[in-house]
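Ligands are counted one by one from 1 in listed order, and the atoms in each one are counted from 1 as well. This one's a predicted model, so the numbers in the text were calculated from it and none came from an experiment.
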Amino acid sequence: MDQTPTAPTVRALVADDDPVVRMLVASALRSLDLVVEEVEDGGAAIAAARRQMPDLIVLDVQMPKKNGFDACAAIRELPGGSDVPVLIVTGLEELSFIERAFRAGATDFLTKPIDAQLLQHRVRFQMRASRAFAELRDTLAELGASQHRLAKSQHLARLGDWEWQVSSDRLFFSERASRVLRCDGEPPVSSAEFLDRCVHPDDRSAVAKNLHDAMNGFGDIEFDHRLPDGERVVHQFLEAAESVPGEEPTLAGTVQDVTDRRKAEERIRQLAFYDTLTGLPNRRVLEERLKRAVLFAGRARTQVALLFLDLDRFKRINDTLGHATGDKVLKEIAERLVGALRTGDALARTPEGAGPQTSVSRFGGDEFAVLLTGLSDVQDAGRVARRLLSVIGEPVALPEGEVKVTASIGIAVFPTDGSESDGLFRSADMAMHHAKEQGRDNHQFFSASMNEAATQAMHVERALGEALERGGLLLHYQPQIATGSGQVVGAEALVRLQDPAGGLISPGAFIPVAEESGLIVPVGAWVLRGACQQFAQWRSEGWEGGRISVNVSNVQLRSLDFVDTVDRALADAGLEPQDLELELTEGVFVEARGREVLQELRSRGIVIAIDDFGTGFSSLSYLKDLPVDVLKIDRAFVSEIDSGGGAIVGAFIALARELGCSVVAEGVETEAEVEFLKQHGCDVLQGFLFSRPVSAEELDWRRPASAAAAS
Ligand code: C2E
Ligand code: MG
Ligand code: MG
């Protein structure tokens, strides 16, 4: 065959039982100047590879006698077959097939119908990578051989020798050894001086330990260390020199500069584990990491999320702008992903500031995968996904102009969506396809229920944001009745959110979302203002005494300007501090900061109530030190009264007496409850029996609300 000396023949082997596909593939490869051999079956492919290993192999999956997976695995076992790039062609764009292909040792895969341009692109890429790999391996082999061969010509091997008289700690370096160690001037004469002048500070303690071992006769010792410049790496070999009677024991050392060798090894490692285009860890690394993460999370009972990210219609960019541009875009996206994950703001905004660990890898083509470990809340994964979508969505500037890229992300969580890595990959992939179906440029959780929860939270967060802007929040009030007089002595403000889709959303559904997103701060401020204004209005209409109760979330209480917000709400409405009661849950009283803030508010005269009392963790003894005026006994206890479970309520009331607190019973629904509460000396009653929470106009503060209470 005709062969120019500059272009060595590159041989490809194509195996496909479909003659048309085979011909298409072969001709695409020939146009890249490859010499192509065509066969019809996996068995024939193995035979051909055994005769002479080609530089590239393309295998169809489904072939009559031996399929592509088996052929690939067999070729990997042949001499010279471990490194040849193998592309597997599958008709089924199914993850299980792709996974099987990789497990069989495929380097890459293609899906049918085959896009000739894409094929050429992949082939060019694979050839480049495999050539770089081969070159490095040759260099390495050469360096290895040189160590042996050039032992005699030390100069070339950058090798020098030295001696150490152990008991007197005297060192003698040959001229070459001092050159290898880059000693300026006289070489060091003691081990301490050697450590000081020839060893990088970070390596010193390890080297000292090795020297110590050598000195104590622990056989031959080898180790590497860096020179003080941090650049060069040397390899040391120490052995006991033949002992000469009458002379002190001596160690003989050889030192070799192995910087280039280490660099080559590092490059190989890079090629094997990192994607050459983006520099990101590749699929293999991710799989390893995921396996490890799952093992660890299983033991630590934490969660792991796998985000599978696929760029939307990326093929279009390749087709219209060419593959070189496609590569540029991929690189840019990769950088953005890394950047977005590095700035932890995408992650859990936990009060402790601890978020999940992340790692991103390129999975192949236009696919990326992100691993989140140490996850305490699965919604963090959704937050990360949203952040990634937003950085990807920013226009990419190219010489040809700007392009806009979007992506679809599927999320699978361990252990819910898969107990091992394979299952998680499948779930994440399914979720990603679901995201594509949902119109692309979005993320989806794998499990339906999680998906619903996340969608619902997003819906609520949006509605809440809009409500704050356009006045979609409103307040209802529930009257509080004095047990003795039956008079309305207060009202609790309860917030509602108008659903843009119609109806009202209850606080149980949106307060947690508001707390998580931080929107609780403006929402809470709005409630405070509104409730104070309303109460001032009632006052002006003649309501004397009594007070307005407002619920305060723990998150809101922790915000810096909370005390100011309260002061301003009171001042603007023209109310006194004792007109306002704040309801907090037990958790906040155990935080030092919470107690401090409450103390301050209480010192002004504002009334502090523990809401839902009894449902927290409270040991009753801790109560006496708290800044509290009112205990609100939770509905759960009140509702047990009718079935004979009133003892707890009785105890709570007695306790409150002892502490000098007044008691409100929540959720009072029956006359029997009223009777019991009255007998036990409960001060105030609140519940559907008297009134549901109603609008300000409907609240009748003038009238004794129930005959039973009034009697
Ligand atoms: P909460 O402070 O314990 O409020 C009492 C809840 O019990 C109200 O539910 C009320 O409608 C309900 N309720 C009252 N009497 C009865 C009864 O006899 N039977 C039954 N079954 N339920 C009764 P709502 O309005 O849905 O509020 C739920 C929770 O949302 C409140 O519990 C409170 O923790 C929170 N919340 C409401 N408004 C606000 C607010 O403005 N800010 C904050 N941070 N939280 C609020
Ligand atoms: Mg309340
Ligand atoms: Mg309550």
Query - Test: Glu492 and Lys632 ion pair at under 4.0 Å - result: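 Salt bridge: yes.
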
Query raised in the report: Less than 4.0 Å between a side-chain N and a carboxylate O, is that true for Arg440 and Asp310?
Result: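 Here Asp310 does not pair with Arg440 in a salt bridge, since their nearest N and O are not under 4.0 Å apart.
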
Query raised in the report: Between Glu466 and Arg462, is a salt bridge (charged side-chain N to carboxylate O under 4.0 Å, His left out) present by the stated rule, with each step listed?
Result: CA-CA 6 Å; Glu466 281 170 16; Arg462 197 173 308 133; 5.7 Å; no

[X] and ligand 1 - part of the residue with a heavy-atom distance under 4.0 Å:
X: Glu666; value: side chain
X: Ile511; value: side chain
X: Ser553; value: both
X: Val668; value: backbone
X: Glu492; value: side chain
X: Asp611; value: side chain

Query raised in the report: Below 3.5 angstrom, do we get any N/O pair linking Gln556 and ligand 1?
Result: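 No; the residue has no nitrogen or oxygen that sits under 3.5 Å from a nitrogen or oxygen of the ligand.
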
Report task. Could you say whether the N/O atoms of Phe688 and ligand 1 ever approach to under 3.5 Å? Result ->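 So ligand 1 has an N or O lying under 3.5 Å from an N or O of Phe688.
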
Please identify which atoms of ligand 1 are closer than 4.0 Å to at least one heavy atom of [X].
X: Gln478; answer: 14 (C), 15 (N)
X: Pro507; answer: 24 (P), 25 (O), 26 (O), 27 (O), 28 (C), 30 (O), 36 (N), 37 (C)
X: Gly667; answer: 15 (N), 16 (C), 17 (C), 18 (O)
X: Arg635; answer: 19 (N), 20 (C), 21 (N), 22 (N)
X: Glu583; answer: 2 (O)
X: Pro693; answer: 11 (O)

Report task. Using the Mg ion (ligand 2) as the apex, give the angle to atoms OD1 (Asn551) and OD2 (Asp611), rounded to 10 degrees. Result ->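 Between OD1 of Asn551 and OD2 of Asp611, the angle at the Mg ion (ligand 2) is about 80°.
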
Query raised in the report: In Glu492, the N, O or S atom nearest to the Mg ion (ligand 2) is which?
Result: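 The atom in question is OE2.
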
With a 4.0 Å cut-off on heavy atoms, is [X] in contact with ligand 1?
X: Arg496; value: yes
X: Arg692; value: no
X: Gly524; value: no

Query raised in the report: Under 6.0 Å between the ring centres of Phe637 and Phe613?
Result: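 No, the ring of Phe637 stays outside the 6.0 Å limit from the ring of Phe613, centre to centre.
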
Requested in this report: Tell me whether the centres of the aromatic rings in Tyr477 and Trp538 are closer together than 6.0 Å.
Outcome: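 Ring centres of Trp538 and Tyr477 closer than 6.0 Å.
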
Query - Heavy-atom nearest neighbour of atom 33 (C) of ligand 1 within options Val527, Asn551, Val550 - result: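 Shortest heavy-atom distance from atom 33 (C) of ligand 1: Asn551.
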
Query raised in the report: Of the listed options (Val638, Leu494, Val495, Leu689), which comes nearest to atom 10 (C) of ligand 1 when hydrogens are ignored and any heavy atom counts?
Result: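 Nearest option to atom 10 (C) of ligand 1, by heavy atoms: Leu494.
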
Restricting to N/O/S atoms, is [X] within less than 2.8 Å of the Mg ion (ligand 2) or not?
X: Ser549; value: no
X: Asp612; value: no
X: Glu583; value: yes

Query raised in the report: Can a donor-acceptor pair be found between the side chains of Asp312 and Thr406 at a distance below 3.5 Å?
Result: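 On atom types as modelled, these side chains qualify, holding a pair under 3.5 Å.
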
Query - Geometric cation-pi criterion, Arg692 with Phe688: 6.0 Å, 45° - result: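 Positive - Arg692 is close enough to the ring of Phe688 and near enough to its axis.
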
Query - Test side chain to side chain donor-acceptor pair (under 3.5 Å) applied to Glu541 and Gln537, step by step - result: CA-CA 6 Å; Glu541 291 166 11; Gln537 165 81 25; 2.7 Å; yes

Query raised in the report: Does the side chain to side chain donor-acceptor pair (under 3.5 Å) test come out yes or no for Glu461 and Ser517, once each step is laid out?
Result: CA-CA 8 Å; Glu461 193 175 326; Ser517 63; 4.5 Å; no

